[in-house]
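Beneath this line is the structure, given in structure tokens, with notes to follow.
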Amino acid sequence: MRTAVPETPEAFTVPEVMTALRLSRSKVYDLIRSRQLASFTIGRARRVTPDSVRAFMQDRLKEAA
């Protein structure tokens with residue numbers, strides 16, 4: 001039986017991003033506000049795509065090199 005829910009989410013909630021990056025809620029919102037972490041809203045719900053999280057990490061790795 002197939003489920004309608006994908007195994008990998010298409011978009012993360014802010015708490016999921018906090019867990020993935022091991023950052024505080026305020027730091028995640030600071031990154032979103034400063035456009036370092038791309039996000040979008042649906043109504044009042046803020047979402048971040050997995051590609052945005054990967055791009056953010058790649059940018060940090062490039063800066064560190």
Side-chain angles (χ1 to χ4, degrees):
M1 177 184 231
R2 270 188 110 175
T3 61
V5 179
E7 290 182 26
T8 304
E10 296 295 319
F12 295 122
T13 62
V14 169
E16 289 170 333
V17 175
M18 291 167 50
T19 300
L21 297 177
R22 304 213 188 321
L23 296 172
S24 69
R25 176 180 297 274
S26 61
K27 184 60 179 176
V28 171
Y29 279 110
D30 285 344
L31 293 171
I32 291 170
R33 198 173 304 110
S34 66
R35 299 182 189 258
Q36 294 178 59
L37 182 61
S39 69
F40 62 94
T41 57
I42 300 174
R44 294 181 63 195
R46 175 75 56 182
R47 297 291 182 260
V48 178
T49 65
D51 289 340
S52 296
V53 174
R54 281 188 212 98
F56 171 76
M57 291 189 297
Q58 289 297 324
D59 290 345
R60 293 301 147 262
L61 287 170
K62 286 178 187 173
E63 287 179 9

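The structure displayed is predicted, hence computed values, not measured ones.
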Look up atom NZ in Lys62 and atom CD in Gln58, then write down how far apart they are to the nearest 0.5 Å.
6.5 Å
side-chain contact (heavy atoms from CB on, under 4.5 Å) filter on Gln36, not counting sequence neighbours, yields Leu31, Ser34, Phe56, Arg60
Apart from Leu61 itself, its cluster of hydrophobic side chains linked below 4.5 Å comprises none
Donor-acceptor pairs under 3.5 Å, side chain of residues 39-47 to any protein atom, not counting sequence neighbours: which ones?
residue, atom, partner, partner atom, Å
Ser39, OG, Arg46, NH1, 2.9

Sorted by first residue and then second, give each salt bridge (Lys or Arg N to Asp or Glu O under 4.0 Å) pair with at least one member in residues 16-25; sequence neighbours left out.
none
Using a 4.5 Å cut-off on heavy atoms from C-beta on, say whether the side chain of Val17 contacts that of Leu37.
yes
With sequence neighbours excluded, tell me which residues meet side chain to side chain donor-acceptor pair (under 3.5 Å) with Asp30.
Arg33
